[in-house]
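Here is the naming used below: chain letters follow the sequence lines, and residue numbers restart at 1 for every chain. Model, not experiment: these values are computed from the prediction.
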Amino acid sequence: MDSLGRVDWLKEGFFDRDPRRVARSLLGKLLIRTTPGAVLAGRIVETEAYLGESDEAAHSFIGKTPRNAVMFGPPGRAYVYFIYGNHYCLNVSCLGEGVAGAVLFRAIEPVGGIDRMAEARGIILNDKCDLRKISSGPGRMAQALGVTRERDNEKSFVSPKSDLRIADDGYRVPRILTTTRIGIVKSAAMPLRYVIAGNKFVSGPKLTL
DNA sequence: GAGGAGATCGTCT
DNA sequence: GACGATCTCCTCT
């Protein structure tokens with residue numbers, strides 16, 4: 001972690017808030033995966049908030065099931081699910097025990113261990129490669145960080161022993177844009193997607209300001 | 001560059 | 001048995 005300089009690790013209280021506030025606050029923070037051979041780090045540039053049982057688009061809308069139980073658990077835990085038969089998506093639980101809520105990590109800007117993340121994505125690093133393909137989009141980002149449900153679901157983001165944590169290195173987000181969420185049908189009009197304005201690693205269609 | 005469709009499987013009804 | 005918080009490839013312009 002020496003290469004990252006001095007950072008503050010996020011604590012459980014950070015996540016014990018409304019998912020909308022957590023989603024905004026997470027922008028600009030560093031998502032860090034510690035592996036035996038390298039430290040993978042990415043700056044969070046895009047998030048989506050999923051509210052509790054009042055949000056039709058959230059998995060928690062149908063109530064607690066084995067799949068979504070983490071959303072109802074304590075804050076600061078990883079909720080990982082498998083989607084479309086191909087991809088994993090990484091979320092962090094918000095609010096306290098018994099209250100559902102989560103924030104989906106949609107994209108990060110690679111800042112450390114880039115070669116390892118590219119390798120995990122099957123991308124050859126050279127002058128022509130598009131770095132956005134490493135971690136721009138929930139499925140891509142999860143693959144770059146080696147996130148799977150078996151390995152990471154229910155894992156704590158706030159335990160000092162965890163290999164999946166979030167840090168604040170003092171980066172100041174210039175401006176935040178709020179848009180509707182991507183890929184959902186129900187409650188699609190709710191503006192619960194947050195992105196760092198102008199950041200090229202944000203996924204989805206280009207945003208006009 | 002934009003748009004459409006297929007891939008593929010866990011989860012819930 | 002249907003559907004999904006996605007990605008990639010292919011076609012068309």
Side-chain angles (χ1 to χ4, degrees), chain A residues 15 18-24 26-27 31 42 44-73 75 77-95 100-110 117-124 128-155 157 164 177-196 200-208:
Chain A
F15 301 98
D18 186 295
R20 287 166 287 204
R21 291 192 60 192
V22 176
R24 288 181 72 95
L26 280 173
L27 292 179
L31 179 58
I44 300 165
V45 300
E46 179 178 356
T47 58
E48 282 181 4
Y50 285 87
L51 313 182
E53 292 166 274
S54 61
D55 181 1
E56 280 189 287
H59 291 169
S60 49
F61 180 72
I62 58 173
K64 190 175 179 179
T65 68
R67 180 199 193 196
N68 65 24
V70 177
M71 289 183 78
F72 291 81
R77 303 297 195 278
Y79 169 44
V80 182
Y81 63 87
F82 191 63
I83 192 72
Y84 295 118
N86 292 306
H87 309 286
Y88 288 100
C89 292
L90 175 65
N91 302 246
V92 58
S93 64
C94 300
L95 298 169
V103 171
L104 168 69
F105 298 103
R106 285 195 55 90
I108 58 175
E109 175 180 349
M117 287 193 262
E119 186 183 351
R121 293 270 304 119
I123 293 171
I124 312 243
K128 291 179 188 169
C129 73
D130 184 354
L131 289 179
R132 287 177 298 186
K133 290 194 171 180
I134 294 179
S135 57
S136 180
R140 292 170 173 173
M141 191 203 74
Q143 187 179 15
L145 295 175
V147 170
T148 66
R149 181 171 172 87
E150 299 72 39
R151 181 177 177 185
D152 298 303
N153 193 49
E154 215 170 346
K155 182 174 285 181
F157 274 103
L164 200 55
L177 288 181
T178 305
T179 79
T180 53
R181 292 174 293 187
I182 290 182
I184 60 171
V185 178
K186 293 169 281 191
S187 299
M190 296 172 80
L192 297 176
R193 173 171 173 253
Y194 306 94
V195 307
I196 294 181
K200 68 174 186 171
F201 290 91
V202 168
S203 74
K206 285 192 180 63
L207 296 166
T208 48

Asks: Please confirm whether the shortest side-chain N or O distance from A:Arg193 to OP1 or OP2 of C:dA5 is below 4.0 Å.
Replies: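 Answer no for this pair, as no side-chain N or O of A:Arg193 is under 4.0 Å from OP1 or OP2.
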
Asks: So, OP1 or OP2 of C:dT6: does either fall under 4.0 Å of a side-chain N or O from A:Arg106?
Replies: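 Result: yes.
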
Asks: Would you mind reading off the distance between A:Asn153 atom CG and B:dT11 atom C1', rounded to a whole angstrom?
Replies: 13 Å

Asks: Send over the distance from A:Arg149 CZ to C:dA5 C1', rounded to a whole Å.
Replies: 14 Å

Asks: Return the value, rounded to whole Å, for the distance between atom CG of A:Leu90 and atom P of C:dT6.
Replies: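 Distance, rounded to whole Å: 14 Å.
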
Asks: Take atom CD1 of A:Ile182 and atom P of C:dG4, then tell me their distance rounded to the nearest Å.
Replies: 17 Å

Asks: Heavy atoms under 4.0 Å, any strand shown: does A:Phe82 hit a base, just sugar-phosphate, or nothing?
Replies: sugar-phosphate

Asks: Does A:Tyr50 lie flat on the base of C:dA5, that is, centres under 5.5 Å apart and planes under 30° off?
Replies: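 It does: the two rings, one from A:Tyr50 and one from C:dA5, meet the stacking criterion.
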
Asks: Identify every side-chain donor-acceptor pair in residues 81-90 of chain A under 3.5 Å, counting partners at least two apart or on other chains, and give the distances.
Replies:
residue, atom, partner, partner atom, Å
A:Asn86, ND2, A:Tyr84, O, 3.0
A:Tyr88, OH, A:Glu150, OE1, 3.3

Asks: Choose from C:dA5, B:dC12, C:dC7 the nucleotide whose nearest atom is closest to any side-chain atom of A:Pro138.
Replies: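 The answer is C:dC7.
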
Asks: Give the nucleotide from the list B:dC12, B:dA7, C:dA5 with an atom nearest to the side chain of A:Pro66.
Replies: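 In terms of side-chain proximity for A:Pro66, the closest of B:dC12, B:dA7, C:dA5 is B:dC12.
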
Asks: Under a 4.5 Å cut-off applied to non-hydrogen side-chain atoms, are A:Thr47 and A:Leu27 in contact?
Replies: yes

Asks: In this structure, are over 12 heavy atoms from other groups packed under 6.0 Å from A:Glu56 atom CD?
Replies: yes

Asks: Between P on B:dA5 and OH on A:Tyr84, what's the gap in Å once rounded to a whole number?
Replies: 15 Å

Asks: Does A:His87 or A:Arg67 map to a spot on DNA chain B nearer the 5' end, using the closest nucleotide for each?
Replies: A:His87

Asks: Counting only heavy atoms from other residues, nucleotides and ligands, does the tally under 6.0 Å from CZ of A:Arg121 exceed 12?
Replies: yes

Asks: What I want to find out is whether A:Asp152 reaches A:Lys155 closely enough, with some N-O distance under 4.0 Å, to be called a salt bridge.
Replies: yes

Asks: Tell me which nucleotide among C:dT8, C:dG4, B:dC12 gets nearest to the side chain of A:Ile62.
Replies: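 Ranking C:dT8, C:dG4, B:dC12 by closest atom to the A:Ile62 side chain puts B:dC12 first.
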
Asks: Tell me the interatomic distance from A:Ile83, atom CD1, to B:dG10, atom P, rounded to whole angstroms.
Replies: 12 Å

Asks: As a test of understanding, state which of A:Glu46, A:Arg140, A:Arg132 forms a side chain to side chain donor-acceptor pair (under 3.5 Å) with A:Ser203.
Replies: A:Glu46

Asks: Return the value, rounded to whole Å, for the distance between atom OH of A:Tyr88 and atom P of B:dT11.
Replies: 9 Å

Asks: Taking atom P of C:dG4 as reference, at what distance in whole Å does atom CG of A:Asn91 sit?
Replies: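 It is 17 Å, rounded to the nearest whole Å.
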
Asks: Taking Watson-Crick and G-U wobble pairs with both distances under 3.5 Å, convert DNA chain C into its dot-bracket string, 5' to 3', dots for unpaired and | for cross-strand pairs.
Replies: ||||.|||||||.

Asks: Partners of A:Arg181 by salt bridge (charged side-chain N to carboxylate O under 4.0 Å, His left out), sequence neighbours excluded?
Replies: A:Asp55

